[in-house]
Amino acid sequence: MLDEHVAGHREIVPDPPPGDIAIRLQCVELRYGPKIVLSDCSMDCQRGEITCVIGLSGAGKSTILRVINGLRHASRGHVFVNGDETTHLSDRKLNEIRRKMGFAFQYSALFDSLTVGENVAYPLWEHTELNPTEIRERVEKTLETLGLEGVDKRMPSELSGGMQKRVGFARAVVNDPEIILFDEPTTGLDPIMTHVITETIQNIQKRLKATCVVVSHDMPSVYRVADNIAMLFEGTIIENGPVQQIKASRNPIVQQFLEGSEDGPIPL
Amino acid sequence: MSSEAPAQPFQGLASVRRFLSYTGGLTLLLGDATRYIVSMRFRFTEVIHQAYFLGVESAPIIILTSGFTGMVISLEAAAQAVAYGFSTLIGGSVAFGELRELGPILTGIVFAGRAGAAVTAQLGSMVVTEQVEALESMGVSPAKVLVAPRLLACVLTVPMLTIFADIVGVTAGFLMALIQVHLPGAIYWRSVQQTVIMSDFTKGLFKAAVFGLIVGLVACYEGLRARGGAEGVGKVTTHAVVTSIILIFAFNFLLSFLIF
Ligand SMILES: Nc1ncnc2c1ncn2[C@@H]1O[C@H](COP(=O)(O)OP(=O)(O)OP(=O)(O)O)[C@@H](O)[C@H]1O
Ligand SMILES: [Mg+2]
């Protein structure tokens with residue numbers, strides 16, 4: 001009992017991942033005040049592959065993406081992105097890493113004082129040397145692939161929720177990032193758009209060889225895009241592996257989640 | 001009773017800590033924004049845009065308040081001056097009060113209530129709708145793209161508005177003296193010239209720039225501190241206005257003490 005207690009508070013020795021792992025969370029703990037949201041959360045994301053994070057509402061999926069991006073700092077444990085330990089990096093170093101990362105937020109988080117076109121162009125303005133014509137072309141092309149041609153002059157508030165979601169998606173991928181984090185990219189979209197988004201994720205991943213982390217509840221699209229699945233339950237990754245391995249998992253919690261049944265160990 | 005007694009020093013300690021963390025936060029934000037301003041790493045068009053937006057919003061109220069204040073000083077001064085035969089002092093007393101104290105401080109306060117509140121509400125709603133996090137997630141510092149231009153805009157706008165306030169205040173004083181005691185224009189304006197010197201005006205503008213800095217800094221800091229939806233935004237907005245008005249009065253005293 002005492003040993004366990006001591007072990008619980010021992011410094012966690014950082015274990016930097018090999019080169020084929022783009023993102024590693026090692027025993028991450030994150031608190032909001034007294035509330036522990038992630039505890040002993042460990043996960044590896046293979047470089048150039050798509051990892052889907054699944055889990056119940058409120059399990060901490062969005063929080064995991066924020067930890068990867070450095071928007072939240074782990075109170076214990078280590079986070080490695082492209083080999084760099086990001087938990088204690090200076091803001092400047094962290095910003096350098098973030099420039100190569102795209103983040104599509106769950107609730108879009110579009111800049112409401114900018115037009116749709118300006119929103120999507122924003123990462124290009126900030127981080128590239130492209131001239132205005134090139135930027136406009138890039139933005140138009142990206143919007144087009146997401147079925148949003150002709151909306152670039154509109155304000156975000158004039159769009160439907162699903163359209164805003166796709167604009168947020170466009171903003172996250174427009175500057176060809178190495179790592180892309182998608183927070184529920186298909187929630188609230190119609191089946192056709194869900195299909196478009198799923199396909200876009202696959203295309204981007206193929207074209208850029210990007211490492212993608214996709215948070216999603218939508219199991220059919222998870223099965224379509226995922227190379228690996230990580231299941232988050234009560235702040236811990238309880239299962240992490242290739243799709244087939246997860247499907248065959250003996251863990252009753254994973255089984256219940258995948259089947260979507262009421263009966264099982266998950267408290268309702 | 002006895003159980004409450006030891007709590008008091010801790011409460012005192014807590015408010016000292018809150019005060020220190022607040023001033024610390026302001027200082028850090030100022031340092032961050034200044035870094036971007038002196039290294040010219042901000043969009044200048046955004047500064048113009050903000051200055052225009054904030055200045056135009058506050059100008060009508062500033063013209064009204066300084067006009068009425070100029071008139072009321074003139075009214076009081078005129079009545080006294082005529083009674084005691086000092087009508088040559090009316091212009092001077094209006095201009096002296098307006099340029100050195102009332103112009104800057106009224107402008108600062110109106111600016112805090114109008115422009116400062118707008119800045120806090122805007123940044124606050126950007127925080128609660130995750131727009132600020134979206135910026136950060138792209139590796140863009142909010143201090144650079146949000147705070148630096150607004151701060152600079154405030155520092156430039158308040159002195160400009162103060163010039164307006166000075167002119168309107170002194171002119172309104174003249175009109176009042178003309179209507180009330182039929183004071184000839186030549187006497188009023190000569191009195192203005194003889195009483196105030198250029199440095200009264202420039203020192204007033206310096207104070208105004210400091211007030212602009214206070215309003216901009218507090219407004220941005222409070223806005224970025226907003227948490228938890230519309231209610232949180234309302235809370236920080238009120239707090240920003242109250243804090244900057246108190247700071248304006250305190251710094252006005254301090255600066256008057258130091259530079260005049
Ligand atoms: N800013 C915050 N302050 C306090 N608690 C928070 C905050 N953000 C999230 N939480 C808590 O952290 C937990 C995980 O939140 P998170 O948003 O990561 O869940 P999620 O798995 O993304 O859920 P959903 O599927 O509903 O989006 C929740 O219990 C939530 O109450
Ligand atoms: Mg979420």
Side-chain angles (χ1 to χ4, degrees), chain A residues 32-33 62-63 65-73 81 86 89-114 118-128 156-157 164 167-169 171-175 177-183, chain B residues 25 28-29 31-36 39 41-54 57 118-150 153 220 223-230 232-233:
Chain A
Y32 285 114
S62 301
T63 308
L65 296 188
R66 286 186 159 78
V67 168
I68 294 173
N69 187 270
L71 290 170
R72 298 280 182 279
H73 293 288
V81 177
T86 62
L89 277 187
S90 67
D91 279 353
R92 174 184 286 188
K93 276 271 174 56
L94 189 58
N95 282 344
E96 264 166 40
I97 292 176
R98 283 167 167 174
R99 266 165 220 177
K100 298 181 206 142
M101 232 192 258
F103 197 147
F105 282 79
Q106 184 170 2
Y107 302 107
S108 309
L110 301 178
F111 305 128
D112 54 14
S113 59
L114 303 182
E118 289 167 337
N119 262 284
V120 180
Y122 201 88
L124 300 175
W125 281 347
E126 285 291 338
H127 301 318
T128 66
S157 57
Q164 291 179 10
V167 176
F169 187 96
R171 187 177 65 183
V173 303
V174 72
N175 63 338
E178 285 173 26
I179 295 175
I180 320 179
L181 313 173
F182 298 104
D183 199 346
Chain B
L28 284 181
L29 188 63
D32 255 8
T34 314
R35 216 154 33 89
Y36 291 112
S39 59
R41 278 186 295 155
F42 60 91
R43 243 179 259 280
F44 199 71
T45 49
E46 178 68 7
V47 178
I48 305 284
H49 175 78
Q50 288 294 332
Y52 177 78
F53 166 72
L54 300 174
E57 269 202 337
V119 167
T120 309
Q122 192 201 11
L123 294 193
S125 75
M126 284 186 75
V127 169
V128 301
T129 55
E130 301 182 333
Q131 295 177 52
V132 173
E133 280 197 331
L135 268 182
E136 288 178 309
S137 80
M138 292 177 196
V140 177
S141 157
K144 174 183 161 189
V145 297
L146 300 176
V147 179
R150 282 169 178 76
C220 290
L224 292 178
R225 239 160 55 111
R227 290 294 172 269
V233 176

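All chains are named by letter (A, B, ...) in the order of the sequence lines, taking the proteins before the strands, and each is independently numbered beginning at 1.
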Next item on the list: Answer yes or no: is there an ion pair linking R66(A) with E136(B), defined by an N-O contact shorter than 4.0 Å?
Entry: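 Looking at E136(B) together with R66(A), the answer is no, because their closest N to O distance does not fall below 4.0 Å.
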
Check: For S137(B), is it the side chain, the backbone, both, or neither that has a heavy atom closer than 4.5 Å to a heavy atom of chain A?
Finding: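 Contact with chain A involves both backbone and side-chain atoms of S137(B).
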
Notebook entry, point to check: Non-hydrogen atoms of chain A under 4.5 Å away: do they reach the side chain of V145(B), the backbone, both or neither?
Noted result: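 Looking at V145(B), just its side chain touches chain A.
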
Given the options [options], which has more heavy-atom pairs under 4.5 Å with chain B than any of the others?
options	value
D91(A), I97(A), L110(A), D112(A)	D112(A)
E126(A), M101(A), Q106(A)	E126(A)
E96(A), R92(A), R98(A)	R98(A)

Next item on the list: Examine whether an atom of F111(A) lies under 4.5 Å from a heavy atom of chain B, and if so say whether it belongs to the side chain, the backbone or both; otherwise answer neither.
Entry: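 Looking at F111(A), backbone and side chain both touch chain B.
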
Item checked: Minimal non-hydrogen separation, R171(A) against A134(B), with atom names ->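 What the structure gives for the nearest pair is NH2-CB, 3.5 Å.
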
Checklist line | From CA spacing to verdict: side chain to side chain contact (heavy atoms under 4.5 Å, CB included), M138(B), H127(A) | finding: CA-CA 9 Å; M138(B) 292 177 196; H127(A) 301 318; 4.3 Å; yes

Item checked: Contact leader toward chain A among Q131(B), E130(B), Q122(B), where contacts are heavy-atom pairs under 4.5 Å ->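 The candidate making the most pairs under 4.5 Å is Q131(B).
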
